[in-house]
Amino acid sequence: MSVALVALSHSPLIGLNDPAQEVLDEVDHAVAGARAFVQEYDPELVVLFAPDHYNGFFYGKMPPFALATGALAVGDFGSAEGEILVDHEAADAIAKGVLERDIDLTISARMVVDHGFVQPLEMLFGGIQSVPTVPVFVNGVAAPLGPVRRIRQFGKALGEAAARLDKRVLFLASGGLSHDPPVPILEGAPPRVAEALILGNPPTPEQRARGEQRVVQSGIDLAAGTSTRKPLNPVWDNEVLDIVASGDIEQFDGWTNEFFEAQGGGSSHEVRTWIAAYAALAATGSYELQSRYYRAIPEWVAGFAVTTAK
Ligand SMILES: O=C(O)/C=C/c1cccc(O)c1O
Ligand SMILES: [Fe+2]
């Protein structure tokens, strides 16, 4: 058994509302570094922690986290659509190991996922059928959220369970850091929106296109300085990165959900994917960061970071 980690931000606006070429080159360089790290490590299994953006998980039943034994990508924002290559046997073994460690885990035999899962697989592995994966949903948008320590405890239990597999495992986190895109909120939503958030009826192509255009516009506004939403917060983002670099991720236990939101905006809870993945990595021993990249990219509505660790 061995373990390694890549954590990176995602944005559905990549390729749809891009920053200047020099920024794109910088990001490409950071992602290429992560890709080289992964190629050298040559994982036999990827445990992928990612959020959902009301494409697969709805208020009809909203778990704090869930593990997939099978998964289907919806193809939002031009991301790949179809079945993800899931290692069913490994997923089953990890699920049992987490449950044995007193964490009540939701299982999905056909998890519906979106760009949050697909983008890192495309960026690092060239597609969603390239590497055996165990997809793990981490709720990062749908209030109420439990305390941050709970997601760390879940990550730790999962790391211990994954360590029992005789495999080279890569923990891969997708999300964050500070960002406040126009993701809908159930409380106070008009009845039609509330129904969609609860029932999750698939949107018509026109509805999906309108929703995606609203997100694109939020990137245009943020970059132009005309947005009414929370700005990106590079100082807070670097605090997050300092904590993961320190190896002492229990420091996150002292951060309230209100603090996350005030500092990093409504979708900064996606950092939970990082906390779970780093806790999984730390479960079997101390680790060291191998690389760290950060840039606030308003065009993508993303405090955008890439880290590798082992
Ligand atoms: O509305 C969505 O589906 C997602 C929006 C978004 C925008 C920028 C960065 C992210 O992580 C997002 O989820
Ligand atoms: Fe997201």
Side-chain angles (χ1 to χ4, degrees), residues 7-19 23 27 31 48-58 65 73-81 112-123 135-143 145 151 172-186 189 193 196-197 200 202-203 205 207-223 227-234 236-237 240 260-261 264-277 294-306:
L8 77 172
S9 307
H10 61 246
S11 170
L13 302 179
I14 296 175
L16 295 180
N17 188 51
D18 283 336
V23 178
V27 172
V31 173
L48 170 55
F49 298 89
D52 178 61
H53 311 80
Y54 297 114
N55 286 299
F57 287 88
F58 302 93
F65 36 78
V74 292
D76 61 326
F77 289 94
S79 59
E81 186 178 353
V112 175
V113 303
D114 65 16
H115 68 273
F117 284 83
V118 169
Q119 205 168 78
L121 291 176
E122 290 186 312
M123 279 176 160
V136 178
F137 161 70
V138 176
N139 178 19
V141 293
L145 299 172
I151 200 70
L172 177 54
S174 167
L177 303 180
S178 64
H179 63 308
D180 193 34
V183 177
I185 294 171
L186 180 61
V193 176
L197 294 180
Q207 285 168 334
R208 186 174 285 289
R210 264 200 308 278
E212 293 185 0
Q213 187 49 42
R214 196 167 49 245
V215 181
V216 171
Q217 189 60 47
S218 76
I220 294 170
D221 293 344
L222 197 63
S227 175
T228 54
R229 305 194 67 87
K230 257 196 189 337
L232 304 177
N233 187 344
W236 185 79
D237 288 342
V240 171
F260 269 80
E261 231 157 295
S267 288
S268 66
H269 301 297
E270 287 186 357
V271 169
R272 285 168 169 252
T273 61
W274 286 53
I275 295 170
Y294 176 78
R295 178 148 191 157
I297 306 179
E299 288 83 355
W300 291 348
V301 194
F304 198 93
V306 185

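When a ligand or atom number is given, it counts from 1 through the structure's own listing order.
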Confirm or rule out an N/O/S atom of His179, from backbone or side chain, lying less than 2.8 Å from the Fe ion (ligand 2).
-> no
Which residue holds the protein heavy atom closest to atom 13 (O) of ligand 1, what is that atom called, and what is the gap in Å?
-> His53 NE2, 2.7 Å
Any side-chain heavy atom of Leu232 within less than 4.5 Å of one from Phe304?
-> no
Donor-acceptor side-chain pairing of Asp221 and Ser218 below 3.5 angstrom = no
Below 4.5 Å, heavy atoms only, C-beta onward: do Asp76 and Pro12 meet side chain to side chain?
-> no
Shortest non-hydrogen pair, Trp300 vs Gly15, comes out as NE1-N, 4.4 Å
Mind checking whether Phe137 and Val113 have side chains closer than 4.5 Å, heavy atoms only?
-> no
Looking only at heavy atoms, what is the nearest atom pair of Ala50 and Gly116, with distance?
-> CB-O, 3.5 Å
Using the side chain to side chain contact (heavy atoms under 4.5 Å, CB included) rule, take Val215 and Glu212 through it: C-alpha gap first, then chi angles, then the decisive distance, then the call.
-> CA-CA 5 Å; Val215 181; Glu212 293 185 0; 5.7 Å; no
What one should report as the nearest heavy-atom pair of Asp52 and Asn55 is OD2-N, 3.1 Å
Min N/O separation Trp300 to ligand 1 under 3.5 Å = no
In ligand 1, which numbered atoms sit nearer than 4.0 Å to a non-hydrogen atom of Glu270?
-> 11 (O), 13 (O)
Indicate whether any N or O donor in one side chain lies under 3.5 Å from an N or O acceptor in the other, for His10 and Glu122.
-> no
Atoms of ligand 1 less than 4.0 Å from Phe77 heavy atoms?
-> 3 (O)
Is there a heavy atom in Ala302 that sits closer than 4.0 Å to ligand 1?
-> no
Does some non-hydrogen atom of Arg214 fall short of 4.0 Å from ligand 1?
-> no
Residue and atom name of the nearest protein heavy atom (relative to atom 9 (C) of ligand 1), distance in Å to one decimal | His179 CD2, 3.3 Å
Any heavy atom of Pro181 under 4.0 Å from ligand 1? The part involved is side chain
Do you know which two heavy atoms are closest between Val301 and Pro181, and how far apart they sit?
-> CG1-N, 3.9 Å
For atom 6 (C) of ligand 1, closest protein heavy-atom neighbour = Pro12 CD, 3.5 Å
Which protein non-hydrogen atom lies closest to atom 1 (O) of ligand 1, naming both residue and atom, and how far is it?
-> Val215 CG2, 3.4 Å
Of all N, O or S atoms in Glu270, the one closest to the Fe ion (ligand 2) is OE2
Does any N/O atom on His10 come nearer than 3.5 Å to any N/O atom on ligand 1?
-> yes
Counting from 1, what ligand 1 atoms have a heavy atom of Val301 closer than 4.0 Å?
-> 8 (C), 9 (C)
Atom name of the N, O or S atom in His53 that lies nearest to the Fe ion (ligand 2) = NE2
